[in-house]
Amino acid sequence: MSLSIRNQIPGTVTAITPGEVMATVRVRLTGGQDITAAITLESAEELGLAAGTAVRALVKATEVSLATAPVEGLSIRNQLPGTVTEVTTGGAMASVKVAVDGGELTSAITKDAVTDLALTSGTPVVALIKSTEISLATA
């Protein structure tokens, strides 16, 4: 299956915490970082997720925010350090590619944000992704 979601990072499920409707799924990415995905319990069961299951973490580029340093006091669970590798700007929006251990993320942010954060190739950043914005696919 082909998808328009550019951010597809492989990993392995390390833990699942089920709730009544939702479950949090801890995934160790191939680069060694841990992320948390919040998905429906029904989806976790239908995918047959368990510790050791190979998955791909899927995130739309519009759901990847960028910061120039780690952020404390924030509800966003996933903060992946990386380095900007490419910035492509248009009239209002920009596409920023970020190398993270084990993969690459693309963030779609405003052109103004690129200017305000002074993002260029080589800039260290932290990719911020809410756990509810991560989908999982079995590999």
Side-chain angles (χ1 to χ4, degrees):
M1 170 184 354
S2 296
L3 296 173
S4 64
I5 297 175
R6 289 185 261 172
N7 298 313
Q8 301 183 27
I9 301 176
T12 303
V13 173
T14 58
I16 300 173
T17 304
E20 290 188 30
V21 177
M22 300 290 287
T24 57
V25 181
R26 194 89 165 144
V27 175
R28 170 76 40 94
L29 301 178
T30 56
Q33 317 92 318
D34 289 321
I35 62 165
T36 299
I39 64 174
T40 64
L41 182 60
E42 181 179 3
S43 293
E45 291 169 349
E46 287 178 2
L47 290 170
L49 298 181
T53 303
V55 294
R56 285 196 168 277
L58 310 172
V59 185
K60 291 175 59 177
T62 53
E63 301 304 331
V64 178
S65 297
L66 299 177
T68 55
V71 182
E72 293 186 28
L74 189 66
S75 67
I76 296 176
R77 306 312 324 149
N78 302 302
Q79 297 192 32
L80 302 174
T83 304
V84 173
T85 58
E86 182 181 335
V87 178
T88 305
T89 58
M93 296 296 292
S95 175
V96 181
K97 292 189 179 191
V98 178
V100 297
D101 287 345
E104 181 180 72
L105 290 172
T106 299
S107 175
I109 60 175
T110 65
K111 181 179 171 183
D112 289 342
V114 168
T115 301
D116 291 347
L117 297 173
L119 299 179
T120 60
S121 185
T123 303
V125 293
V126 177
L128 307 167
I129 308 166
K130 290 180 65 171
S131 60
T132 54
E133 298 305 328
I134 296 177
S135 296
L136 298 176
T138 50

- request: For T115, check side chain to side chain donor-acceptor pair (under 3.5 Å) against everything at least two apart and list the hits.
  value: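 So T115 forms no side chain to side chain donor-acceptor pair (under 3.5 Å) with any residue.
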Could you state the interatomic distance from [atom1] ([X]) to [atom2] ([Y]), rounded to the nearest 0.5 Å?
X    : Y    : atom1 : atom2 : answer
E104 : T85  : CD    : OG1   : 4.5 Å
L49  : I16  : CG    : CD1   : 5.0 Å
L117 : T123 : CG    : OG1   : 9.0 Å
E63  : S107 : CD    : OG    : 10.0 Å
T138 : R56  : OG1   : CZ    : 11.0 Å
T88  : E86  : OG1   : CD    : 4.0 Å

With clusters defined by side-chain heavy atoms of hydrophobic residues (ILVMFWY) lying less than 4.5 Å apart, directly or transitively, does [Y] cluster with [X]?
X    : Y    : value
L47  : V13  : yes
L58  : I129 : no
V100 : L66  : yes

- request: Kindly indicate, with the supporting measurements, whether the criterion side chain to side chain contact (heavy atoms under 4.5 Å, CB included) is fulfilled by I9 and L105.
  value: CA-CA 8 Å; I9 301 176; L105 290 172; 3.4 Å; yes
What is the minimum heavy-atom distance between [X] and [Y], and which atoms define it?
X   : Y    : value
A94 : V114 : CB-CG2, 3.5 Å
L41 : G19  : CD2-O, 3.2 Å
N7  : T106 : OD1-N, 2.6 Å
A61 : R6   : CB-NH2, 4.2 Å
A23 : A44  : CB-CB, 4.5 Å
A57 : I35  : CB-CD1, 3.7 Å

task: For residues 18-47, pull every pair meeting side chain to side chain donor-acceptor pair (under 3.5 Å), keeping only residues two or more places apart or in separate chains.
output: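 Sorted result for residues 18-47: R26-T36, R28-D34, T40-S43.
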- request: Show which residues join I76 in its hydrophobic cluster (side-chain heavy-atom contacts under 4.5 Å, direct or indirect), or state none.
  value: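 Joined to I76, directly or through intermediates: V71, L74, V126, L128.
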pair L119-I109: side-chain heavy atoms closer than 4.5 Å: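 Yes, close enough: below the 4.5 Å cut-off.
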